[in-house]
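Take a look at the structure set out below.
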2 protein chains.
Amino acid sequence: MSDEPRARRMAPDDRREAILDAAQALFMERGWEAVTVADVLKAAAISKGGFYHHFTAKDDLLAGIVTRMTGQALAAAEVVRAETRGDALARLNAFLAGSIRWKADNVREMRLFAELLTRPGNDLLHRRIFDATAGVVVPVLERLVDEGVAEGTFNVADARLTAEVIVRLAEGRQEVLSQAMTLAAAGKLDRGAEALDARMRAEGAVCDRLLGLPPGSVLLSNTKDYRRMLVGLTAATGQGTNP
Amino acid sequence: MSDEPRARRMAPDDRREAILDAAQALFMERGWEAVTVADVLKAAAISKGGFYHHFTAKDDLLAGIVTRMTGQALAAAEVVRAETRGDALARLNAFLAGSIRWKADNVREMRLFAELLTRPGNDLLHRRIFDATAGVVVPVLERLVDEGVAEGTFNVADARLTAEVIVRLAEGRQEVLSQAMTLAAAGKLDRGAEALDARMRAEGAVCDRLLGLPPGSVLLSNTKDYRRMLVGLTAATGQGTNP
DNA sequence: CTACATACCGACCGTCGGTCTGTAAGCGGG
DNA sequence: CCCGCTTACAGACCGACGGTCGGTATGTAG
């Protein structure tokens with residue numbers, strides 16, 4: 001690195017983002033545990049001193065990635081908080097539909113997410129991301145449930161626990177998504193989308209029960225968007241048509 | 001260590017257990033991440049060479065602790081598998097009651113578990129323990145649910161998902177248990193036991209819904225045993241009357 | 001131009017998990 | 001008893017790792 005010119009000075013936020021970009025790509029490729037600070041330095045073309053000027057420790061990188069990964073949850077929670085039209089069920093379904101559409105529309109981010117969460121050595125990252133996301137979404141969902149109960153739309157044993165269980169469904173979903181992606185990559189797109197849709201339908205049925213709703217109230221079935229999502233996820237994995 | 005006599009030779013299983021005992025105590029006290037192999041060597045009074053004769057890597061210690069921690073789940077799953085009397089609901093309630101009683105009867109193990117899972121730096125250990133436990137319990141519970149559906153006792157959207165959700169309830173429970181312990185330690189035992197019982201009642205209600213049962217079918221309320229458990233957990237924390 | 005704040009550099013450090021050569025304990029057989 | 005063998009145990013050594021620290025250079029303001 002002594003042969004190379006000294007890195008140009010950048011605004012602190014920009015430099016920090018550049019380092020996080022480099023780190024993120026490495027975590028996706030090799031997992032948090034396997035990636036060293038030296039790896040990140042090389043990828044970001046910066047010195048050790050330069051790195052530690054912006055981050056207090058390697059763990060700070062983790063916090064930065066977690067913040068990025070939970071950005072969409074924050075945005076979605078904000079939409080729910082701001083929305084006042086319709087009863088609680090309509091708002092819940094709007095939130096869920098928005099989440100599905102966001103995923104189908106943003107396959108690049110989804111691929112990022114999927115790769116980060118399934119890569120061995122990212123358990124800590126996975127845990128942190130999930131905790132941070134749940135920390136944001138559960139209180140918002142709890143309030144929505146409370147409002148639904150107050151207006152007579154929902155009937156629950158415990159709003160907090162109900163919100164928590166709904167959010168935790170996402171944990172088991174990762175495995176089904178991985179399997180769907182495997183099927184899609186093997187040329188069985190329809191079967192993959194169907195498997196994912198079946199899982200989401202079952203989750204919808206679980207939500208109906210938790211919220212004391214008639215069957216079919218919570219709408220998570222959406223084969224079209226799941227097909228779209230899988231196409232994007234597996235195309236990115238295969239050909240690298242979009243970087 | 002050169003001033004000390006060479007450690008007496010032990011049977012491989014005994015030595016391995018002794019090392020795991022030492023490691024476990026350290027993880028409880030300081031968390032996996034903060035504990036080094038050198039710390040374990042000192043606590044176990046063994047050399048590096050001796051240690052690496054029995055364990056291939058530090059991570060092997062983690063695997064050993066996880067196996068220990070999931071021992072009770074294995075035993076409980078075996079009981080469920082072996083039990084053929086009564087319908088599926090009776091067997092489910094017997095399983096759950098047995099689990100609660102085991103916890104109330106084994107406060108030493110419970111304290112171990114609680115301290116391990118709440119100690120900062122044990123995220124990886126927590127994750128591994130949970131995954132291993134779920135890996136054992138979910139298939140057994142799934143089969144029980146299937147049998148309940150077949151005999152007309154249960155009505156579920158998806159047996160696998162239902163089993164998974166029930167098992168995942170345990171994740172959120174840790175926080176409530178911590179709070180109950182804090183209350184009990186502050187002299188508010190009744191409030192602690194009540195809080196824990198309320199959580200378990202809510203969980204029972206969630207299970208009722210998931211399994212398509214009338215309210216009050218799944219029995220998780222048990223203030224007496226929760227009091228007993230909290231007494232044991234907080235006595236051990238406070239006075240050290242039993243080591 | 002100078003002064004200053006701060007972004008950046010890289011040599012250095014101690015700690016860490018793991019390796020490897022050597023020693024000794026303990027058992028079984030003659 | 002002695003010998004041979006297996007293997008449990010010892011500790012010096014190693015390279016990689018995260019982080020520190022003294023120094024340099026960039027860019028802005030006056």
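Note that the structure is predicted; figures quoted are calculated from it, not measured. Every chain is numbered from 1, with letters handed out A, B, ... down the list of sequences.
- When the side chain to side chain contact (heavy atoms under 4.5 Å, CB included) test is applied to A:Gln72, the partners found at least two apart in sequence or on another chain are A:Ala76, A:Trp102.
- Checked against ring-ring contact (aromatic ring centres under 6.0 Å, His included), B:Phe27 has the following partners two or more places apart in sequence or in another chain: B:Trp32.
- Evaluation of the salt bridge (Lys or Arg N to Asp or Glu O under 4.0 Å) rule for A:Arg15 yields no partner, not counting sequence neighbours.
- Nucleotide C:dC16 holds its P atom 14 Å from the CH2 atom of B:Trp32, rounded to whole Å.
- Taking atom CG of B:Asp13 as the reference point, atom P of D:dT7 lies 14 Å away to the nearest angstrom.
- In this structure, B:Glu33 atom CD and C:dT15 atom C1' are separated by 16 Å, rounded to whole Å.
- Pairs passing the salt bridge (charged side-chain N to carboxylate O under 4.0 Å, His left out) check and including a residue from residues 52-67 of chain A, sequence neighbours excluded, read A:Asp59-A:Arg128.
- Partners of B:Arg16 according to the salt bridge (Lys or Arg N to Asp or Glu O under 4.0 Å) rule, which considers only residues two or more places apart in sequence or in another chain, do not exist here.
- In this model, the phosphate group of C:dT6 is not approached by any side-chain N or O of A:His54 to a distance below 4.0 Å at OP1 or OP2.
- Minimum heavy-atom separation, B:Thr118 to B:Ser178: CG2-OG, 3.6 Å.
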Can you give one letter per nucleotide of nucleotides 22-30 of chain D, going 5' to 3': B for a protein heavy atom under 4.0 Å from the base, S for sugar-phosphate only, - for none?
--BSBS---
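- Under 4.0 angstrom from either OP1 or OP2 of D:dA10 there lies at least one side-chain N or O belonging to B:Ser47.
- Shown here are the side chain to side chain contact (heavy atoms under 4.5 Å, CB included) partners of B:Glu171, two or more places apart in sequence or in another chain: A:Arg168, B:His126, B:Phe130.
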Can you check nucleotides 17-19 of chain D for protein contacts, nitrogen or oxygen pairs under 3.5 Å, and list what you find?
from, atom 1, to, atom 2, distance (Å)
D:dG18, OP1, A:Lys58, NZ, 3.3
D:dG18, OP2, A:Val37, N, 2.9
D:dG18, N7, A:Lys48, NZ, 3.4
D:dG19, OP2, A:Tyr52, OH, 3.2
D:dG19, OP2, A:Lys58, N, 2.7
D:dG19, N7, A:Lys48, NZ, 3.1
D:dG19, O6, A:Lys48, NZ, 2.7

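- Going from atom CD1 of A:Ile46 over to atom P of C:dT6 covers 17 Å, rounded to whole Å.
- Residue pairs meeting the salt bridge (charged side-chain N to carboxylate O under 4.0 Å, His left out) criterion with at least one partner in residues 17-32 of chain B, sequence neighbours excluded, are B:Glu17-B:Arg68, B:Asp21-B:Arg68, B:Arg30-B:Asp39.
- Taking a cutoff of 4.0 Å between a charged side-chain nitrogen and a carboxylate oxygen, A:Asp131 and A:Arg127 qualify as a salt bridge.
- Applying the ring-ring contact (aromatic ring centres under 6.0 Å, His included) test to B:Phe51 and every residue at least two apart in sequence or in another chain returns B:Phe55.
- If you check residues 14-23 of chain B against DNA chain C, you find no residue with a heavy atom closer than 4.0 Å.
- Between A:Leu41 atom CG and C:dA11 atom P there is a gap of 13 Å when expressed in whole angstrom units.
- Taking B:Asp225 as the reference, B:Arg228 meet the salt bridge (Lys or Arg N to Asp or Glu O under 4.0 Å) condition, with sequence neighbours excluded.
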